[in-house]
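Here's the structure we're looking at; comments come further down.
Below, read A as the first sequence line, B as the second, and so on, with proteins coming before strands; counting in each chain starts at 1.
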Amino acid sequence: MCGEGDPTQVQMDGNIGMINWNNSHLQTQTDAIKQTTNNYLRRLAILSMADLPILQFEETIMKAVEENTVVVIIGETGSGKSTQLSQILHRRGYTKSGIVGVTQPRRVAAVSVARRVSQELGVRLGDEVGYAIRFEDRTSERTRIKYLTDGVLLRESLSNPELDEYSVVILDEAHERSLNTDILLGLMKRLVERRASNFKVLITSATLDGEKVSQFFSECPVVRVPGKLFPVEIVYSHERPVSYLESSLATALDIHMKEGEGDVLIFMTGQVRVFGPRPPNCRRFIVATNIAETSLTVDGVVYVIDSGYVKQRQYNPSTGMYSLDVVQISKVQAHQRAGRAGRTRPGKCYRLYPSAVYEDEFLDVTIPEIQRSSLAGSVLYLKSLDLPDIDILKFDFLDSPSPESLQDALKQLYLIDAIDENGLITRIGKTMAELPLEPSLSRTLMEANEHGCLSQALTVAAMLSAETTLLPGRSKNTEKKRKHDYLDLPDGSGWGDHIQLLQIYECWHQTNYDIDWCKDYQLQVRGMKFVKDVRRQLSQIMQKIAKGPLDVQISRRWKESQQDYHNLRRALCVGYANQLAERMVYHNGYRTLGFKPQVVQVHPSSVLKPDDEGKLPDYVVYQELIATSRPYLRTVCAVNIAWVTPILDKVNKININKLSGGIGRIEEHTEENMSDLPKTDNVVAAVPDDHESKIQAARERFLARKGKK
DNA sequence: TGGGGATTT
């Protein structure tokens, strides 16, 4: 919870005398000054706040921890669990035999909570208390309490599956059910059996589902710690509004006229730009998405307006398509939203839906991310752990993904050579897992390295990893007189968006990474810097894997050579074999291959160019298939049919039962029966229906024509 | 010619 980072919430520590870490640092005057400042901050913090609820439960918690390997702690907002649990364990000696690691789903939380704890203990950040997030490891040999993102802990467990250096792992904010935390939950379950004698796991959750987690960990104890929230009055609507926008506006104005002081936080599904007449005096109205449920804390909020909806990204494993849907929130989310009204004093939450809807229609908990995402990356990760006792299809998840989703992941991994036809991880797959990239990009890098275009592929991979959209939108009304227009940027030479991204970065490189150049072309500076960081990291990892220097330097002469980016595009084709589409015969629509076929369009923002006859390339690979107003291929690259043919052969050979480990999971076949199955087109993953077989026939005619050329 | 919630290695 963000609340534990508030400067006002600090422990009244009765055990200060036990903490004597800082004595050794008082060597120089500078250190002394810092120390004085730290002490001052600390005293200030201690004075400003009464004790946190969790400290009253110290004995209860410690008794549970001493008697059990796994303990679930349910602590509402403001209980102090994120900052205090690690310190309690430290006081009780658990940092003598190893590190106390605390995972967070978000980078900012890991950093801010670590900073907070180091202040409370009066030590320098990075010494006894540190944090580790991507690109930033602020820990040292002295570090005993380590905050880290769940993703970083997963990375660590790749090289050290037993997590030997940790005496305790605390999975914080488990109720958010982030993909990585869910995988860690499964791994912890295995680990506590293997390291029962010297390892403890604490799982903290803000809400309800403690019993479920307890059952998952063989009925481990659940300790409930009250939060420090003020009461929040819930006000339901009598009916669902026709327009949520109008309704929330009306409610907001109503609050403004009738209610006392305090800001208003409005949860909507997307960006809104309404609120015309500004109220005469100063009351803030904050319109937010679900970002305000977790990441963002706004002080001074007393009123919350909850639309009851959220925009959620979902993945359909049968079509490989993502969609962004407006869905009803869960009870847990509604609870979180309401809680935002009670942080500073008693508040009110206006729910724009009737209580019957809440009771009858809302799910108890949010559908975990693991059931809404493509799992290729996670499955590859689990396979690469190479734990003989872990079978991915039987992996013990708190909430299992659907068999379809797991099979989809296996198919994808097979098509890009990460696993073999028996579902066993290949040498290629093993290497891929070491790269902090989605499998398609990892595979692309490896292929590129074989064909002398690693440097280009590194750039493409880094550009695609950018957090935000780098390129400016193509709106016509922003014709500001700038030095340059984004239209002056390279256009991918007709080959598509990956190539354009490569060319843009190379241009930036030629300016010696000039920030003003980014601004001139309306490229997001922060995004471009991030790309540079990622590229450096990827280069290092690739060299480490290769155990020697590789050519990762950016060529300064791309303009001079008339490249068709042949090798790079081929590498992309190999890497994105699971995301391949074929153009329709008579128009520029595409049909996806390898999934249940979908007819899709190239996104209008693409720089892919048609030929003289107005036709787009026969085959493309795509970065993303997303259904918005229509299904679109986003970020595409033209590839050659010669590279595609072997992939299609592979698609046709997929035997999902073998991929799943030979044991039929859907049909109850015996293993012998499986191995008897002929490797013919009859074993295609998706049996074509009549419509599809027509498409198939048309495609064959098309291919035949192509072949004659 | 379209629209975009939030994360992370």
Side-chain angles (χ1 to χ4, degrees), chain A residues 103-111 132-137 148-159 173 176-184 267-273 287-296 307 309-314 322-329 333 336-337 366-370 372-373 377-378 380-381 384 432-439 441-442 461-462 464-476 530 533-534 537-538 540-541 588-589 600-608 610 616 624 626-635:
Chain A
T103 69
Q104 296 288 331
R106 281 171 300 281
R107 295 160 55 99
V108 273
V111 177
I133 59 177
R134 188 181 190 181
F135 304 132
E136 212 182 339
D137 184 352
L148 67 175
T149 51
D150 46 17
V152 168
L153 189 62
L154 277 180
R155 278 288 132 196
E156 287 186 3
S157 72
L158 199 55
S159 49
E173 316 293 11
E176 288 186 24
R177 304 298 305 275
S178 79
L179 181 56
N180 288 338
T181 296
D182 265 23
I183 290 170
L184 282 171
F267 283 99
M268 299 294 283
T269 56
Q271 304 258 312
V272 202
R273 265 180 246 136
V287 182
T289 59
N290 41 328
I291 189 171
E293 275 169 32
T294 50
S295 311
L296 190 105
S307 66
Y309 285 101
V310 67
K311 209 176 257 182
Q312 236 176 30
R313 193 175 143 101
Q314 337 241 22
Y322 278 96
S323 58
L324 212 52
D325 307 322
V326 174
V327 298
Q328 216 150 239
I329 60 172
Q333 277 172 298
Q336 290 283 341
R337 289 179 174 192
T366 316
I367 296 171
E369 204 184 348
I370 202 166
R372 293 187 279 117
S373 317
S378 301
L380 178 62
Y381 170 81
S384 76
M432 283 165 61
E434 292 187 45
L435 290 156
L437 290 170
E438 55 184 277
L441 281 172
S442 305
L464 288 172
S465 302
E467 294 164 309
T468 47
T469 321
L470 296 164
L471 297 172
R474 303 197 155 206
S475 51
K476 284 167 190 164
F530 179 81
D533 276 344
V534 175
Q537 186 190 28
L538 294 177
Q540 285 167 355
I541 297 173
N588 277 338
V600 298
Q601 306 291 320
V602 173
H603 196 273
S605 65
S606 174
V607 293
L608 190 72
L616 289 173
E624 187 179 47
I626 183 148
T628 48
S629 57
R630 299 155 75 180
Y632 284 111
L633 301 178
R634 244 197 295 196
T635 313

- The answer to which of A:Gly151 and A:Ala627 contacts DNA chain B further toward the 5' end, by nearest nucleotide, is A:Ala627
- Message: Can you measure A:Arg155 atom CZ to B:dT8 atom P for me and round it to whole angstrom units?
- Response: 15 Å
- Query: Base, sugar-phosphate, or nothing: which does A:Tyr632 touch, judged by heavy atoms less than 4.0 Å apart?
  - Reply: sugar-phosphate
- Message: With a 4.0 Å cutoff (strictly under), does any side-chain N or O of A:Ser629 reach OP1 or OP2 of B:dG3?
- Response: yes
- Gap between atoms CD and P, on A:Gln104 and B:dT9 respectively (whole Å): 12 Å
- Item | d(CG, A:Leu437; P, B:dT8) in whole Å | 16 Å
- Task: Applying side chain to side chain donor-acceptor pair (under 3.5 Å), name anything that partners A:Asn180, two or more places apart in sequence or on another chain.
- Result: none
- Would you mind reading off the distance between A:Leu154 atom CG and B:dT7 atom C1', rounded to a whole angstrom? 13 Å
- Between B:dG5, B:dA6, B:dT9, which one does the side chain of A:Thr149 approach most closely? B:dT9
- Task: In whole angstrom, give the distance that lies between atom CG of A:Asn180 and atom P of B:dT9.
- Result: 9 Å
- Message: Counting distance alone, no hydrogens or angles: does the base of B:dG2 have a donor or acceptor under 3.5 Å from a partner atom on the side chain of A:Arg634?
- Response: no
- Note on the structure: In whole angstroms, the gap separating C1' of B:dA6 from CG of A:Leu179 amounts to 13 Å
- Side chain A:Tyr381, main chain A:Ile183, donor-acceptor under 3.5 Å: no
- Where the side chain of A:Arg107 is concerned, which of B:dG4, B:dT8, B:dT1 is the nearest nucleotide? B:dT8
- Integer-rounded Å distance: B:dT9 P and A:Glu434 CD: 18 Å
- Between B:dA6, B:dT8, B:dG2, which nucleotide gets closest to the side-chain atoms of A:Arg106? B:dT8
- Task: Let me know the distance between CD1 of A:Ile367 and P of B:dT7, rounded to the nearest Å.
- Result: 20 Å
- Rounded to the nearest 0.5 Å, how far apart are CG of A:Asp325 and CZ of A:Arg372? 10.5 Å
- Message: Is A:Arg313 close enough to B:dA6 that one of its side-chain N or O atoms is under 4.0 Å from OP1 or OP2 there?
- Response: no
- Message: Can you list everything that forms a side chain to side chain donor-acceptor pair (under 3.5 Å) with A:Tyr309? Sequence neighbours excluded, please.
- Response: A:Arg240
- Item | Donor-acceptor contact present, side-chain A:Ser465 to main-chain A:Ala461, <3.5 Å | yes
- Nearest-neighbour nucleotide for the A:Val152 side chain, B:dG4, B:dT9, B:dT1 considered: B:dT9
- Residue A:Thr628, side-chain atoms from C-beta onward, closest of B:dG5, B:dG2, B:dT9: B:dG2
